[in-house]
Each structure stands twice: as C-alpha cells, then as structure tokens.
Amino acid sequence: MTSSTVTFLGPVGTYTHQAAYNRFGPNAIYNECSSISDIFASLASHQIGVVPQENTTFGSVIETYDCLRQRESYFVRGEITLAIQHCLLVKKGTKISDIDCIMSHEQALGQCTTFIGQYLPGVSIKKTSSTAAAARAVLSGPSNTAAAICSKICATIFEGTEILHEGIQNQKDNFTRFYIVAQDSSISIPQSLELSKQSALLRLWPLSPVTDLINTLHVLNLQVRRIDRRPALDATPFHDIYFVEVYSKDPLPSQKDIIEESIERARNLGALIDLVGMW
C-alpha cells in the first residue's frame, strides 16, 4: 500500500504536525510548510494537506478561508479535532522573572492572554509563523530572556529547552479543528471511523447577502453546521463570500447522494454555489 504524503504547518512540533500524525500515523511521509498558503500551493496529485480551521477559544483561522475562497481547485476531504494544551517553554535555567519577551503563533497568543496578563504583564509579544517556530527561536536566541508558547513535545524536540508551566491556555477545554485538504475531490484518504455523518463545505456567492443566502439555505434543506464569511475577491465593495458547512441527518449510505442532489437543486434555481469539500 502506498504511503500518504501529508503536508503540514511546520516546523516539526506544531499542533498541525501533531494532528496530522494522530490521523495518518507513522507510515505517512510528512512535509512541512512555513505557512498555510504554502500548504495549499504545494498540493499535488495524491498529496494531502492538514490546515487549522477553527479554535474553540480564538475562532476561525482566516488564512485557511482566504485560501479556500480562491478559484483554484482545492477540496476539503476530512477533519481532525485536537485538544490543545499550551506550555511556556524557555531555555534551561531560565526563570519566569527573567522573561521579557513571549513568542508564538497569533492563535496561541490569543488563547493564553489570562496567563500572560497575570504572570508576565508588560512583556513584549512577538508573533511567529507557528508555535514550533517560536520554540526554535527561543533555543537559537542569544539570551535567556525569551519564552515560547508551544506544545509540550517541543521540549523533547528542541534539546536545551524546558517547560516552565503547562496548561496555560485560557480555557482548559481548548480544541482546534483541522481540515484535511487536497487538490481535488478525486483524492482518496484513509477513512476516519469516528465520523458518522456526511459533511460538505459549500462556497456561496450571494448577490443579496441576506435574501439570497437565506433562500439558498432553504432550498438546500440540509443541516447547517457553521457559516463563515470573507470578502469576495472582486471589484464590488462589501461583496462577500459565504462558506457554509452542511451535513445530512439521513442514514448512511444515502447521505452523500442527498447532499449532491440538494446542491444541484439550488443551482437549478439560480444559486451561485461551489462544492469545495465532501467528507
């Protein structure tokens, strides 16, 4: 059996890497990318990408939706949910009183504001491309006054560092959901046994944001899981694209057919709608 090739938001040690590993296991071939947009750009035939989609504390990941609003052929093929446990990482020997700078991905920084305000008020904040990049920067930095917010595994990956505090996120029930993305709908992935319903991600281009969107959802007659909005990439001011995640509550295996029939019914009535995910 051919091993899956999976790209993730690197470097090694990010939560995206952990989510990908949890889903595809040790036999997959893992390639790291420096940004979410690079993951989408690198997708090739038979290649899979894992990108963060939403966090229960900080909300939707805008860069992921900005990539999905492009007209290029990207397709969501699955989802992964990961419990997030943020830690404060420093060079060995560093005390919390020594810290004058905290580095991490903006999502992680936003998820740990209570801890920072209570224990490290007034320190400088530096955004990095990933949590693991922050850990690497702490290790390679010239001083012992910087700290990173990252996963606990980073202390194992980056020798010479240690964890000062664990579980520093604002909410202890902190989870991040990831999309599994591919170049198109023909790419097959190993099936996840825990999913019991057929989901789809729709990209809607309503001319009238309220009326057209409501009418389209009514015609689709599917269960709506979430709705996200991003500015459309055209010359019309305040024209938005809507991403609607839907699912069928009907028994398997008829769910996929029901979703496809609903989309076709909406298109026949004039809805501007693209199918950009099915899993």
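The first residue in the sequence is number 1, and the count goes up from there.
Here the side chain of S262 pairs a donor or acceptor atom with the backbone of I258 at under 3.5 angstrom. Side chain of R225 to backbone of Y247: no donor-acceptor contact under 3.5 angstrom is found.
When hydrophobic side chains of Ile, Leu, Val, Met, Phe, Trp and Tyr are connected at separations under 4.5 Å, I29 ends up as a singleton with no cluster partners. In the hydrophobic clustering (ILVMFWY side chains linked at under 4.5 Å, chained through shared members), F58 stands by itself. Taking Ile, Leu, Val, Met, Phe, Trp and Tyr as hydrophobic and joining them when side-chain heavy atoms fall under 4.5 Å apart, one finds I168 in a cluster with L88, V90, I96, I99, I102, L109, F115, I116, Y119, L120, V123, I125, I149, L164.
Within the structure, every pair that satisfies the salt bridge (charged side-chain N to carboxylate O under 4.0 Å, His left out) test and touches residues 57-68, not counting sequence neighbours, is listed here: D66-R69, D66-R230. Within the structure, the side chain to side chain donor-acceptor pair (under 3.5 Å) test picks out the following pairs touching residues 91-106 (sequence neighbours left out): D100-T145. For residues 150-166, the side chain to side chain donor-acceptor pair (under 3.5 Å) pairs, not counting sequence neighbours, are K152-E166.
No side-chain heavy atom of Y21 sits less than 4.5 Å from a side-chain heavy atom of F8.
In terms of the side chain to side chain contact (heavy atoms under 4.5 Å, CB included) criterion, residue partners of I157 (sequence neighbours excluded) are, by chain and number, V12, I153. Applying the side chain to side chain contact (heavy atoms under 4.5 Å, CB included) criterion to R136, with sequence neighbours excluded, gives P11, F158. Residues satisfying the side chain to side chain contact (heavy atoms under 4.5 Å, CB included) test with Q85, not counting sequence neighbours, are Q169. The side chain to side chain contact (heavy atoms under 4.5 Å, CB included) search around V246 returns A200, L202, L222, V224, V244, not counting sequence neighbours. Residues satisfying the ring pair (Phe, Tyr, Trp, His ring centres under 6.0 Å) criterion with Y15, sequence neighbours excluded, are H86.
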Could you pull out all donor-acceptor pairs under 3.5 Å where a side-chain atom in residues 33-40 meets a protein atom, sequence neighbours excluded?
from : atom 1 : to  : atom 2 : distance (Å)
S34  : OG     : D38 : OD2    : 2.9
S35  : OG     : S37 : OG     : 3.1
S35  : OG     : D38 : N      : 3.1
S35  : OG     : D38 : OD2    : 3.2

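C154 and G13 get closest at one heavy-atom pair: SG-O, 3.6 Å.
Taking 4.0 Å as the cut-off between side-chain N and carboxylate O, R265 and E260 do not count as a salt-bridged pair.
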